[in-house]
Amino acid sequence: MRITQGCFSFLPDLTDEQISAQVEYCLSRGWAVSLEYTDDPHPRNTYWEMWGMPMFDLRDPKGVMMELDECRKAQGDSYIRINAFDSTRGFETVTMSFIVNRPKVEPKIRMERTEVDGRSIRYTHSIVR
Amino acid sequence: MNDETVAPDSIDLRAEYEGSGAKEVLEELDRELIGLKPVKDRIRETAALLLVERARQKLGLAHETPTLHMSFTGNPGTGKTTVALKMAGLLHRLGYVRKGHLVSVTRDDLVGQYIGHTAPKTKEVLKRAMGGVLFIDEAYYLYRPDNERDYGQEAIEILLQVMENNRDDLVVILAGYADRMENFFSSNPGFRSRIAHHIEFPDYSDEELFQIAEHMLTDQSYRLTAEAQVALREYIGLRRLQPHFANARSIRNALDRARLRQANRLFTASAGPLDAVALSTIAEGDIRASRVFKGGLDSERKAAMAGVK
């Protein structure tokens, strides 16, 4: 099942050239770009593993692309995403995040219904490989 | 360059030169930097090569991205960093680097303190320099022959690799004193073969240093009296003979101290209101008070005396 999280996730996967152009945009806005990866794309799994430090003083997307290549080499069969952090006072948050790498076989997300308190229903999701 | 565009039949080099903005950079270089004739010539040659190379590319002739890594050798204070900054601008205008910023580093920024620290540190710097120019000042410190376990070697290997693989992404400029750079290159042949342009920075003559001094003062809206000019010329001649002479940097320091003395003189001696002329005039005494006229620093004078005996 195709996981849809972050920007562009309903579009076909971005090519390296397109990723580079997006990073260029992030850098032009003065955002710090970082890479994260995980094998668990559950929507509640907010914090993915960091790939190195966030890159705070880049001028050119090439630096990010080099790191992405490294990360793909090491974690090719994981989800990898690029985050852009806006440090402007008042924002101080991730303003853009998009997936740049997916595993060959993506896990499914299954919804489970549990009846509680009579006929009320609680929902929960779990990853099924 | 887009492959789909139709190659034009001819190209006007002059228009290219003016259109690319290379002209402004070169004129700025001529105007702002005094002396350094051989350096300017070499830069002009390089610019011509890059322009022709670019024109060839536009006409669809066979071309290869030229190796642009350079080494700047020369004594301290001969303008290596300033020229590197201009070079970054020039390469950017001609489209050989994408962003045209200069990242200036020394050994400390590249080499780590323990095992496994060097590679991430060097890569960090390289990532920062992508799309621009990486200026490594006093590059020979990277290589320490006396310590075979020195981490500098690791930084050198990463640098060489990136210089080869990412030629389109960044230009590396190594700078340092001529003799020590020579040593550095002979013990790291990989560097010599990857650097196409070796540019030597000559020392400034006394007259050029004087012009530089005037240039600096004009920038800060100061002026010298006629006697102070004579004193400054004498100062330059004497300073050159003393140890730790660093060309333009020595002159800048001397002028900073002269301004200090001028301020002190005005502060202690003035009784009434001062006008702009008084505030911006450096008198003979401000320069003559320098220790250079008494033969240098006390410690150095003693050392020199001991040497004579």
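The chains referred to below are lettered A, B, ... by the order of the sequence lines, with proteins before strands, and numbering in each begins at 1. Computation of the quantities below employed the complete heavy-atom set of this structure, encompassing side-chain atoms and omitting hydrogens, waters and symmetry-equivalent molecules.
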Distance check, rounded to the nearest 0.5 Å: A:D60 atom CG versus B:R128 atom CZ? 14.0 Å
Evaluate whether atom CD of B:E200 has more than 12 neighbouring non-hydrogen atoms of other residues, nucleotides or ligands under 6.0 angstrom away. no
In short, B:K127 meets A:L58 closest at the heavy-atom pair O-CD2, 3.4 Å
CG on B:L102 to CZ on A:R59, rounded to 0.5 Å: 10.5 Å
Within a radius of less than 6.0 Å around CD of A:E17, do more than 12 heavy atoms belonging to other residues, nucleotides or ligands occur? no
Within 6.0 angstrom of B:I115 CD1, more than 12 heavy atoms from elsewhere: no
Verify the neighbour count for atom CZ of B:R192: are there more than 12 heavy atoms of other residues, nucleotides or ligands below 6.0 Å? yes
Above 12 or not: heavy atoms from other molecules or residues under 6.0 Å from CZ of A:R44? no
For atom CZ of A:R2, decide whether the heavy atoms of other residues, nucleotides or ligands shown that lie under 6.0 angstrom number more than 12. yes
Measuring from atom CE of A:M66 to atom CG of B:N165, what distance do you get when rounded to the nearest 0.5 angstrom? 9.0 Å
Close side-chain approach of B:M130 to A:M65, heavy-atom, < 4.5 Å: no
Nearest 0.5 Å, what's the CG-NE2 distance between A:D57 and B:H101? 9.0 Å
Would you mind checking which part of A:M53 comes under 4.5 Å of any heavy atom in chain B, side chain (CB onward), backbone (N, CA, C, O), both or neither? neither
Measure across B:K99 and A:P61 and return the closest heavy-atom pair with its distance rounded to 0.1 Å. NZ-CD, 4.2 Å
